[in-house]
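Computed from a predicted model, the values in this text were never measured in an experiment. A, B, ... follow the sequence lines: proteins, then strands. Residue 1 opens every chain.
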2 protein chains.
Amino acid sequence: MENSSETRCENCIIRKLNALNALNKNELKRISDSKVTKRVKKGESIFEEGEKLNGVFCVRSGVSKLSKLSENGKDQIVKLVKKGELLGQRSVITEQSANLKAVALNDMEVCFIAKQEISTNIEGNIKFTKELLLRIADDLKTSEDALVLLGQKTVSERLLELFRYVKDNFGLDADGYLAILLTREDMANIIGTAKEVTIRTISSLKKEGSIETDGKRIKLL
Amino acid sequence: MENSSETRCENCIIRKLNALNALNKNELKRISDSKVTKRVKKGESIFEEGEKLNGVFCVRSGVSKLSKLSENGKDQIVKLVKKGELLGQRSVITEQSANLKAVALNDMEVCFIAKQEISTNIEGNIKFTKELLLRIADDLKTSEDALVLLGQKTVSERLLELFRYVKDNFGLDADGYLAILLTREDMANIIGTAKEVTIRTISSLKKEGSIETDGKRIKLL
DNA sequence: CGCATCTTTGACGGTACTCAATACCGGTGG
DNA sequence: CCACCGGTATTGAGTACCGTCAAAGATGCG
């Protein structure tokens with residue numbers, strides 16, 4: 001951890017993307033003074049399931065996977081969090097320990113903002129609270145939609161949906177491949193199947209012409 | 001629909017169970033004056049997926065299932081809503097049309113509260129907004145946990161979890177059977193499988209001594 | 001009593017899960 | 001430069017599970 005004097009929340013465009021955009025100059029200054037910027041390497045965890053969180057993490061760059069361990073020892077990935085989103089907001093709001101584990105999918109830069117800063121603004125700034133409410137309500141819809149996906153669709157449908165989701169939310173690289181790389185196991189843990197099944201499904205999607213691959217990279221057709 | 005002069009929100013104990021308990025006497029009076037009590041028969045729908053909601057429904061009695069139609073024509077039931085909860089709060093908050101369909105599982109009594117009453121209190125009463133935030137955050141956790149269930153567990157594990165959930169949230173009848181009756185199809189649409197599979201799974205759970213049945217009723221052992 | 005709905009059962013095909021073995025790939029150290 | 005290593009990807013084979021269609025029995029309501 002290192003305090004980042006070079007970056008001030010007031011000037012950070014990232015905050016436009018989350019509930020923090022409802023704060024005014026003074027409120028942002030306070031947050032900026034107390035925040036701590038942290039670099040997280042690919043594969044490292046930001047917090048663990050069950051951990052008591054002392055604040056939220058604002059994602060400046062990189063992508064994180066939020067997952068929950070099932071009793072059978074396998075992870076279910078519940079959400080991919082991208083630049084601009086707040087990690088751990090639910091836990092801070094409800095003052096519960098984290099329901100999910102957060103792991104970096106690639107190198108990340110996150111700003112830690114202490115719980116108290118968030119609570120103060122929830123108490124004092126109704127615009128901020130409303131924004132939070134909207135974001136969480138949206139997360140809820142996303143999660144409910146994912147439930148339908150898992151409950152009603154076949155593996156290949158779920159996999160295609162995942163690829164579309166990644167394309168829409170993380171974009172493509174210069175060659176037109178999906179911009180973030182997920183291991184076959186991560187994919188499997190998102191769509192709720194075994195990694196071998198995912199691999200075979202990728203093969204058949206290739207055969208039927210829905211996708212193309214280049215090593216690990218995947219292109220939607 | 002009929003206006004219920006006999007019941008006033010100020011005196012209604014139900015409201016203790018949801019975000020409305022953050023409102024004061026005056027605010028409750030306003031809501032009570034404008035609210036409309038409605039009786040919904042088993043099987044009738046309260047609102048449809050995609051419908052624009054003009055308010056929320058406070059459940060006074062009965063149980064409702066919230067479901068979403070998948071492209072393959074089958075419903076995925078996302079949530080069971082019980083006495084004391086607010087139906088449609090997410091849609092009203094985000095001002096989006098309903099993401100889910102609400103159908104009565106048994107005869108219900110619900111109070112319709114106009115959207116404007118809710119928005120006014122979100123604007124003016126930070127305690128209320130905070131309460132809403134907490135409830136939605138909790139719904140989110142529930143939904144994420146359900147994701148793990150669907151993604152990682154076998155049909156029989158999911159079915160047992162469902163029975164435990166029903167027991168914990170809706171209780172047992174006089175004979176020790178689960179207090180609400182779900183059709184095998186409803187169960188199937190909750191745990192994300194076909195109704196025949198559900199039926200066979202119930203048989204094997206009976207054989208292995210995990211449950212007992214008496215007609216449609218089910219008892220956890 | 002008769003219709004509608006729900007439940008149960010059978011049979012079959014296809015899908016998904018598991019274990020095990022092999023291939024590939026990037027990085028490290030000799 | 002090459003051999004080695006750990007992690008990831010791929011493939012095979014066998015089995016269990018699940019989805020579907022069809023038909024028959026049970027239940028409840030008018």
Side-chain angles (χ1 to χ4, degrees), chain A residues 41-44 65 70-77 103-107 149-160 162 177-178 180-208 211-218, chain B residues 41-44 65 70-77 103-107 149-160 162 177-178 180-208 211-218:
Chain A
K41 288 225 187 65
K42 173 176 173 173
E44 287 180 1
K65 58 176 174 181
S70 173
E71 284 110 13
N72 62 15
K74 286 197 292 189
D75 260 358
Q76 174 71 34
I77 298 179
V103 172
L105 272 184
N106 42 37
D107 291 350
L149 205 66
L150 278 189
Q152 303 290 31
K153 305 256 175 130
T154 65
V155 167
S156 70
E157 288 171 324
R158 280 179 266 164
L159 195 55
L160 269 179
L162 170 60
Y177 291 91
L178 297 180
I180 61 168
L181 285 179
L182 294 165
T183 67
R184 310 289 136 130
E185 192 167 9
D186 279 339
M187 294 175 193
N189 290 341
I190 293 174
I191 65 177
T193 186
K195 65 170 177 299
E196 295 92 337
V197 176
T198 302
I199 290 168
R200 281 180 241 266
T201 308
I202 289 178
S203 300
S204 41
L205 288 179
K206 251 194 304 199
K207 276 211 196 80
E208 71 178 50
I211 62 172
E212 245 177 54
T213 68
D214 160 29
K216 313 186 177 181
R217 295 192 300 167
I218 283 172
Chain B
K41 288 226 188 63
K42 172 176 173 175
E44 287 180 1
K65 58 177 175 182
S70 172
E71 284 110 14
N72 62 14
K74 285 198 290 189
D75 259 358
Q76 174 70 34
I77 296 179
V103 172
L105 273 184
N106 43 35
D107 291 351
L149 205 66
L150 278 189
Q152 301 293 117
K153 306 258 175 128
T154 65
V155 168
S156 70
E157 289 171 324
R158 281 179 264 164
L159 195 54
L160 269 179
L162 170 60
Y177 291 92
L178 297 180
I180 60 168
L181 285 179
L182 294 164
T183 66
R184 310 289 137 132
E185 191 167 10
D186 279 339
M187 294 176 193
N189 290 342
I190 293 174
I191 66 177
T193 186
K195 65 169 179 297
E196 296 91 336
V197 176
T198 303
I199 289 168
R200 280 180 241 267
T201 308
I202 290 177
S203 298
S204 40
L205 289 179
K206 252 193 303 197
K207 276 210 197 79
E208 72 179 49
I211 61 171
E212 247 176 51
T213 68
D214 160 29
K216 312 187 175 180
R217 295 192 301 167
I218 283 173

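Between B:N189 atom CG and D:dG19 atom P the separation is 12 Å, expressed in whole Å. Taking atom CZ of A:R217 as the reference point, atom P of D:dA9 lies 15 Å away to the nearest angstrom. For the pair B:I199 CD1 and D:dC18 P, the interatomic distance rounds to 14 Å; values are reported in whole Å. Regarding B:L159, its CG atom lies at a distance of 15 Å from the C1' atom of D:dC17, rounded to whole Å. Atoms CD (B:E185) and P (C:dT8) sit 14 Å apart, rounded to a whole Å. B:L150 has its CG atom 15 Å from the C1' atom of D:dC18, to the nearest Å. One interatomic measurement links the two molecules: CE of A:M187 to C1' of D:dA9, which rounds to 11 Å at whole-angstrom precision. Atoms CD1 (B:I202) and P (C:dT8) sit 7 Å apart, rounded to a whole Å.
Note that NZ of A:K216 is 15.0 Å distant from CG of A:L178, once rounded to the nearest 0.5 Å.
Regarding contacts with the backbone of C:dT7, a side-chain N or O of B:R184 is found under 4.0 angstrom from either OP1 or OP2.
Here the closest non-hydrogen pair linking B:K65 and B:D186 is NZ-OD1, 2.9 Å. When every heavy atom of A:L150 is checked against every heavy atom of A:Q76, the shortest pair comes out as CD1-NE2, 4.0 Å. Counting all heavy atoms, side chain and backbone alike, B:Q152 lies closest to A:S70 at CB-OG, 3.6 Å.
Using modelled atom types and a 3.5 Å distance limit, the side chains of B:T213 and B:K206 yield a donor-acceptor pair.
Proximity of B:R158 to B:L162: side-chain heavy atoms (C-beta onward) are nowhere separated by under 4.5 Å.
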task: Can you check each nucleotide of nucleotides 12-18 of chain C against protein heavy atoms at under 4.0 Å and return B for base, S for sugar-phosphate only, - for none, in 5' to 3' order?
output: ----SBB
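Proximity note for B:K216 (side chain, C-beta onward) versus D:dA9, C:dC6, C:dT8: the nearest is C:dC6.
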